[in-house]
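Remarks on the structure that follows.
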Amino acid sequence: MAAPGARGSSLAGLLPAQTSLEYALLDAVTQEEKDSLVYQYLQKVDGWEQDLSVPEFPEGLEWLNTEEPISVYKDLCGKVVILDFFTYCCINCIHLLPDLHALEHTYSDKDGLLIVGVHSAKFPNEKVLDNIKSAVLRYNITHPVVNDADASLWQELEVSCWPTLVILGPRGNMLFSLIGEGHKDKLFLYTSIALKYYKDRGQIRNHKIEIKLYKDSLPPSPLLFPGKVTVDHVSNRLVIADTGHHRILVVLKNGQIQYSIGGPNPGRKDGVFSESTFNSPQGVAIRNNIIYVADTENHLIRKIDLEAEMVSTVAGIGIQGTDKEGGAKGEEQPISSPWDVVLGTSGSEVQRDDILWIAMAGTHQIWALLLDSGRLPKKNELQKGTCLRFAGSGNEENRNNAYPHKAGFAQPSGLSLASEEPWRCLFVADSESSTVRAVSLRDGAVRHLVGGERDPMNLFAYGDVDGVGIDAKLQHPLGVTWDKKRNLLYVADSYNHKIKVVDPKTKNCTTLAGTGDASNVITSSFTESTFNEPGGLCIGENGQLLYVADTNNHQIKVMDLETKTISVLPVFRPENAVVDGPFLGEKQKTLPKLPKSAPNIQLPPVAASPGQTLQFKLRLDLPSGTKLTEGVPSCWFLTAEGNEWLLQGQIPSGVIESISSQPAISLQIPGDCLSLEAILSISVFLYYCSTDSNACMMKGIMFSQPLQITSAQPGCIAPVELKYVF
């Protein structure tokens, strides 16, 4: 049966038939009935005299996760294709991704299915390919993604909502559209029956689409192998050791970079921030705008003064030391591969952070740097600046002992302080023995907590086993952090790609997050999310958040210990550009394009004289049950095609922050007019969501105002109201 009338490429052409199908599905009871209804619908749509065909992807677009650009009518011929119109900031689009992942696990390109993400940016920054790359990596998108930066395909199909799915048949013929999130059952139903329908007709081809995953190519990233992270509880900031970039970042809790010190290349130089360099820094600790850094491959402890914006060396001489006793002044004391640092207090005085504890991985020991005069357990008074061994013989072993100098560590790589009673100890992630140990701050005694085995010489007692004490098994843990709110210790079990939690009272060790796979899956479940050799972690927000340096995923992950959710900290510069993505200042000034379906309201002509000011008042109404999308820049802008002189010196654009308080737009007629007639166009972009946030929409409108320039003085001109109901 032929469809009535000519068929364009708009999604509106599907609406009548698909609406009838969806009403019929509401009355269907069994799965067999639903399958039959969809099959009959496809017979009807496939029998139309003229296909409702999708346009070809425009030439010159940038592609991800594929060897080369894809053609609808060449490469995708013989496939059922799902086009996912998304923008990576949209939470609804993010909610849809698990459905697409599940569909991809059910059907492959050999089965005849391919998903293509059509990234149609909402913000200018989202048009930058490198930023889309980061999102593709962050959300583990493994299907091809095209950067439709100018929303060409979006406009051709008259898409108006994020997310929108368009399901195509093997001829590029549009079959279904799904708008918003929450349609998993329909997505699977429509896809499975479409594959069956076209297989029955011999139209499905099993040829392979060449996929080249972006995540396999070690992409540039805001962070590169971040090793450690710590919280500044006073100033609401994080300090990140961006190890692979050889720098230290101070970032706000929203990820905005406040300071970037060092990098991108390794070096060893003190001085002002712009000249200072590091070499694979790891541990960081902060107190009163002073950051202490384990500058691992320089064999130094560095001090960053955020107020003076200066970097100095407080311990080490810049070459690897072999001294296992220490006792010299810091700058004169050779040290070896410091891996972590934590601030503590000498003696039993009130907390004053006068000691820097150091995990000295290179000599398998725990050291101390006196930041003020004080004493260590069972030590005499020590002068400020003294740097010396506190625990560990220097032999690489898993030996616990009541005498700290007789105990043995094996590449201690993580430290955390529990200063309160009854703990009063340092917890140590002893990586090569695959154990977590505790060092008493009363007498220096070293005791076992979890992992390893009783033979102190066996450094191969690793595994991935939840359990108690020695029955628990870890594999090369690199980080620990103490949660004094819950009296629990969190462990970065690095080579098991997990975060574990230890109760030091019972020595019970269990998996908190991670599956054991070295990957980067983020789900609503701690145990289903994955890590890749996490190297450090810290507790913040009074025990609510756990920040994880997910090293090989080049990310800081944020684990909410109360809601049990995981997110990624978005690290960006103050101007909102992701660090590894160019911020295209000039390109981003390009005016957005209105959708083809945007109405153009013709206004009555207005007479005005040179120097006179016109005022336009926006009076726009949203549909019932919707609201402006928070944080999204709804905006207006002025154009005057062929009469650009009209806009010289004017304010050509602005933001619409509230629908209840819309801006007035002013335009002063220039003193020197190059024409007596001109048309001023006032274009408006509105971004709004349904109140239940199931769908986000973009709508545009243009008001065309003819101007007649006259030398006469027409007197005061009433404001022009720009009214429209969406």
Side-chain angles (χ1 to χ4, degrees), residues 220-232 234-235 237-252 255-321 329-343 353 356 358-362 367 369 371 384-385 387 535-536 549 551 554 556 571-575 577 579-580:
S221 170
L223 301 173
L224 187 63
F225 302 105
K228 302 289 182 184
V229 59
T230 195
V231 175
D232 181 0
V234 176
S235 63
R237 297 176 293 190
L238 296 172
V239 182
I240 302 169
D242 190 9
T243 307
H245 285 141
H246 310 285
R247 65 178 179 174
I248 303 299
L249 296 180
V250 180
V251 304
L252 303 180
Q256 177 177 311
I257 297 174
Q258 188 177 31
Y259 296 98
S260 176
I261 308 134
N265 300 314
R268 177 198 156 199
K269 188 173 184 181
D270 290 338
V272 297
F273 282 2
S274 60
E275 298 178 356
S276 300
T277 53
F278 301 86
N279 193 348
S280 298
Q282 287 282 347
V284 283
I286 185 168
R287 177 196 69 168
N288 298 334
N289 279 321
I290 300 293
I291 300 171
Y292 294 96
V293 181
D295 191 6
T296 305
E297 294 194 18
N298 276 328
H299 310 288
L300 299 173
I301 302 296
R302 312 289 288 283
K303 173 183 172 182
I304 299 173
D305 188 324
L306 295 178
E307 291 182 358
E309 297 193 356
M310 294 288 292
V311 176
S312 58
T313 296
V314 292
I317 61 173
I319 58 174
Q320 183 176 0
K329 192 173 176 60
E331 314 87 280
E332 301 169 359
Q333 176 62 56
I335 59 177
S336 179
S337 299
W339 208 274
D340 203 5
V341 290
V342 66
L343 288 160
D353 291 337
L356 186 72
I358 306 167
M360 203 70 74
W367 282 48
L369 173 66
L371 304 177
K384 177 181 178 180
C387 187
T551 304
H554 317 295
I556 302 298
V571 178
F572 59 94
R573 291 194 183 107
E575 64 270 24
V579 172
D580 64 318

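Values below: every heavy atom of this structure, side chains too, minus hydrogens, waters and symmetry copies. All values derive from a computational prediction rather than experimental measurement.
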Practice prompt. Of all the heavy-atom pairs spanning C387 and A315, show the shortest one and how long it is.
Written response: SG-CB, 4.2 Å

Discussion item. Distance check, rounded to the nearest 0.5 Å: F225 atom CZ versus H245 atom NE2?
Written reply: 9.5 Å

Practice prompt. Over all heavy atoms of both residues, which pair between P226 and I240 is shortest? Give the atoms and the distance, please.
Written response: CB-CG2, 4.2 Å

Worksheet entry | Closest non-hydrogen atom pair between P264 and H246, with its separation | O-CD2, 3.3 Å

Item to complete: Locate the shortest heavy-atom distance separating L356 from A285; write the atom from each residue and the value.
Response: CD1-CB, 4.4 Å

Discussion item. I need the I248 CD1 to Y292 OH distance, nearest 0.5 Å.
Written reply: 14.5 Å

Worksheet item: Who are the salt bridge (Lys or Arg N to Asp or Glu O under 4.0 Å) partners of D340, not counting sequence neighbours?
Response: none

Practice prompt. Going by the side-chain contact (heavy atoms from CB on, under 4.5 Å) test, name the single residue among L343, D353, V239, I304 that passes it with I286.
Written response: V239

Discussion item. Strictly distance-based, threshold 3.5 Å: is any side-chain N or O of H299 a donor or acceptor partner for the main-chain N or O of G318?
Written reply: no

Fill in: From CD1 (I257) to CG (L238), nearest 0.5 Å
12.0 Å

Fill in: Reported CD-to-CG distance for the pair Q282 and D295, which is rounded to 0.5 angstrom
10.5 Å

Worksheet item: Hey, what do you get for CG (N288) to OG (S235), rounding to the nearest 0.5 Å?
Response: 10.0 Å

Item to complete: Please step through side chain to side chain contact (heavy atoms under 4.5 Å, CB included) for the pair I261 and R247, ending with a clear verdict.
Response: CA-CA 5 Å; I261 308 134; R247 65 178 179 174; 6.0 Å; no

Worksheet item: Under the 3.5 angstrom rule, does the side chain of S274 hit a backbone N or O of V272 as a donor-acceptor pair?
Response: no

Worksheet, complete the sentence: When every non-hydrogen atom of G271 is compared with those of S276, the smallest separation belongs to O-OG, 2.9 Å

Discussion item. If I take atom CG from residue D242 and atom CG from residue L249, how far apart are they, to the nearest 0.5 angstrom?
Written reply: 5.0 Å

Discussion item. Any side-chain to backbone donor/acceptor pair from T277 onto G262? Under 3.5 Å, distance only.
Written reply: no

Worksheet item: Is the backbone N or O of G227 less than 3.5 Å from a side-chain atom of T243, with the two atoms forming a donor-acceptor pair by type?
Response: yes

Practice prompt. Mind listing the closest non-hydrogen atom pair of R268 and I317 along with its distance?
Written response: NH2-O, 3.3 Å

